[in-house]
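Heavy-atom basis, side chains included; hydrogens, waters and symmetry copies ignored. Atoms within a ligand are numbered from 1 in the order they appear, just like the ligands themselves.
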Amino acid sequence: THALSISGLKKQYGNGFEALKGVDLTVEAGDFFALLGPNGAGKSTTIGIVCSLVNKTAGQVSIFGVDIDENFAEAKKHIGVVPQEFNFHVFERVIDIVLNQAGYFGIARSVALPRAEKYLKQLSLWDKRFNQARELSGGMKRRLMIARALIHQPKLLILDEPTAGVDIEIRRSMWEFLQQINAEGTTIILTTHYLEEAEQLCRNIAIIDGGKIVKNTSVKALLQTL
Ligand code: ADP
Ligand code: ADP
């Protein structure tokens, strides 16, 4: 099955701007997939539609075979999303941000706590668990969003520019963590405007520009054409 299947996706914003002009995309289960493109290409719009934060103008999206229009409640169990903007309460503690997300998915505290510990440790945030989110650095906040997105153990993790503004050392440790999560079976889709990031991490890649997919290939094949 496909982890994600998008067809004929169009988005026209309220001001008339056409951000997506018919996007078709499929991502296989288990893949580590990059959506690469310059600023303004339509990456965040695509991600926003997949997680139902943005309304689409036309087209279809399904997640592990579940159409988001037919059953978003079911589809969203399968996805964890790491948006670009920090969207947690800065006065909340790290551990509460992660556990509250578990509560949101109906996960018992006895199950959520060891999971939170595992991910926060792997992301070097366990020592910060009793700190308020506002006390974290930008890179730590980004990692907190990753831990939160994984707490319900989604089959598909979607990250919008996860390493934007993160320094190179932290970026490398985030890459390692994501590779490990993918090796454990989670499908990963990330958006990026760094070719290097796609090259280092991903197996398959789609290049988006001006709201259209201009290339969709394996990273290996892409590198051979450069
Ligand atoms: P990317 O994530 O690739 O940088 P976005 O999906 O954020 O691209 O944006 C695609 C295009 O849509 C950009 O030109 C952006 O300015 C425009 N856009 C994004 N959000 C809105 C909005 N709410 N209203 C109008 N235009 C928007
Ligand atoms: P409600 O279902 O109560 O309307 P929303 O779906 O708008 O709530 O989401 C509430 C919060 O949870 C938002 O901050 C959103 O970003 C986050 N969220 C929703 N679905 C997911 C998900 N699958 N993974 C990670 N965060 C999610």
Side-chain angles (χ1 to χ4, degrees), residues 2-27 31-63 67-69 72 75-76 79-88 138-139 141-146 148-149 154 156-168 170-171 174-175 178 187-219 222-223 226:
H2 292 135
L4 177 66
S5 169
I6 294 177
S7 64
L9 191 63
K10 293 185 181 176
K11 174 63 185 179
Q12 184 169 26
Y13 279 107
N15 62 359
F17 184 80
E18 261 192 292
L20 299 179
K21 298 171 182 164
V23 165
D24 299 301
L25 202 62
T26 56
V27 177
D31 204 355
F32 201 139
F33 190 95
L35 183 59
L36 176 76
N39 284 324
K43 303 183 295 296
S44 293
T45 301
T46 305
I47 299 306
I49 292 169
V50 170
C51 55
S52 235
L53 296 169
V54 174
N55 290 320
K56 56 186 162 60
T57 306
Q60 280 179 317
V61 177
S62 50
I63 295 162
D67 189 305
I68 62 167
D69 291 329
F72 184 68
K76 89 170 169 188
I79 57 171
V81 182
V82 181
Q84 242 184 86
E85 321 74 45
F86 300 132
N87 64 350
F88 43 75
K141 287 180 179 135
R142 186 72 53 198
R143 271 139 52 212
L144 168 58
M145 300 215 312
I146 297 176
R148 183 184 60 174
L156 171 61
L157 179 66
I158 302 176
L159 308 103
D160 197 359
E161 301 264 359
T163 64
V166 171
D167 66 46
I168 187 70
I170 305 286
R171 181 177 300 165
M174 284 171 69
W175 286 355
L178 293 175
T187 309
I188 300 183
I189 300 174
L190 58 78
T191 74
T192 185
H193 59 268
Y194 303 114
L195 176 61
E196 196 208 344
E197 185 157 72
E199 198 186 300
Q200 293 279 324
L201 280 177
C202 301
R203 269 187 295 280
N204 291 297
I205 189 168
I207 300 178
I208 186 169
D209 197 13
K212 283 187 174 152
I213 302 292
V214 295
K215 203 168 198 107
N216 189 347
T217 182
S218 70
V219 170
L222 178 74
L223 292 176
L226 291 181

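Closest protein heavy atom to atom 8 (O) of ligand 1: G42 N, 3.1 Å. Nearest non-hydrogen protein atom to atom 19 (C) of ligand 1 is Y13 CE1, 3.4 Å. At the top of the distance list for atom 9 (O) of ligand 1, counting protein heavy atoms only, stands T45 OG1, 3.9 Å.
When the heavy atoms of G40, S44, A19, G16 are ranked by distance to atom 2 (O) of ligand 1, first place goes to S44.
T187 and D31 share no donor-acceptor pair across their side chains, judged by distance under 3.5 Å alone. In this structure, a donor-acceptor pair under 3.5 Å is absent between the side chains of E161 and T192. Checking Y13 against T57 by side-chain atom types alone, no donor-acceptor pair falls below 3.5 Å. Looking only at atom types and distance, the side chain of S62 has no donor-acceptor partner in the side chain of D67 under 3.5 Å away.
Contact annotation: the side chain of I68 approaches that of I63 to within less than 4.5 Å [non-hydrogen atoms, C-beta and beyond]. At least one side-chain heavy atom of I188 sits less than 4.5 Å from a side-chain heavy atom of L159.
With rounding to the nearest 0.5 angstrom, the CG atom of L35 is 6.5 Å from the CG atom of L25. For the atom pair F33 CZ and C202 SG, the distance stands at 8.5 Å (nearest 0.5 Å).
Taking a distance limit of 4.0 Å, we find that atom 27 (C) of ligand 1 is approached by some protein heavy atom.
Not a single N or O atom of F17, backbone or side chain, sits closer than 3.5 Å to an N or O atom of ligand 1. Between Q84 and ligand 1, not a single N/O pair is under 3.5 Å apart. Between T46 and ligand 1, no N or O atom pair is found at a separation short of 3.5 Å.
Residue contacts with ligand 1 do not include G37, since none of its heavy atoms lies under 4.0 Å from the ligand. Ligand 1 has at least one atom lying under 4.0 Å from a heavy atom of P38.
For N15, every heavy-atom contact with ligand 1 shorter than 4.0 Å involves the side chain, none the backbone.
Every atom of ligand 1 with a heavy atom of A41 under 4.0 Å away is listed here by number and element: 1 (P), 3 (O), 8 (O). Here is the list of ligand 1 atoms found below 4.0 Å of a heavy atom in N39: 4 (O).
Within a 6.0 Å sphere centred on CD of Q60, heavy atoms belonging to other residues, nucleotides or ligands number 12 at most.
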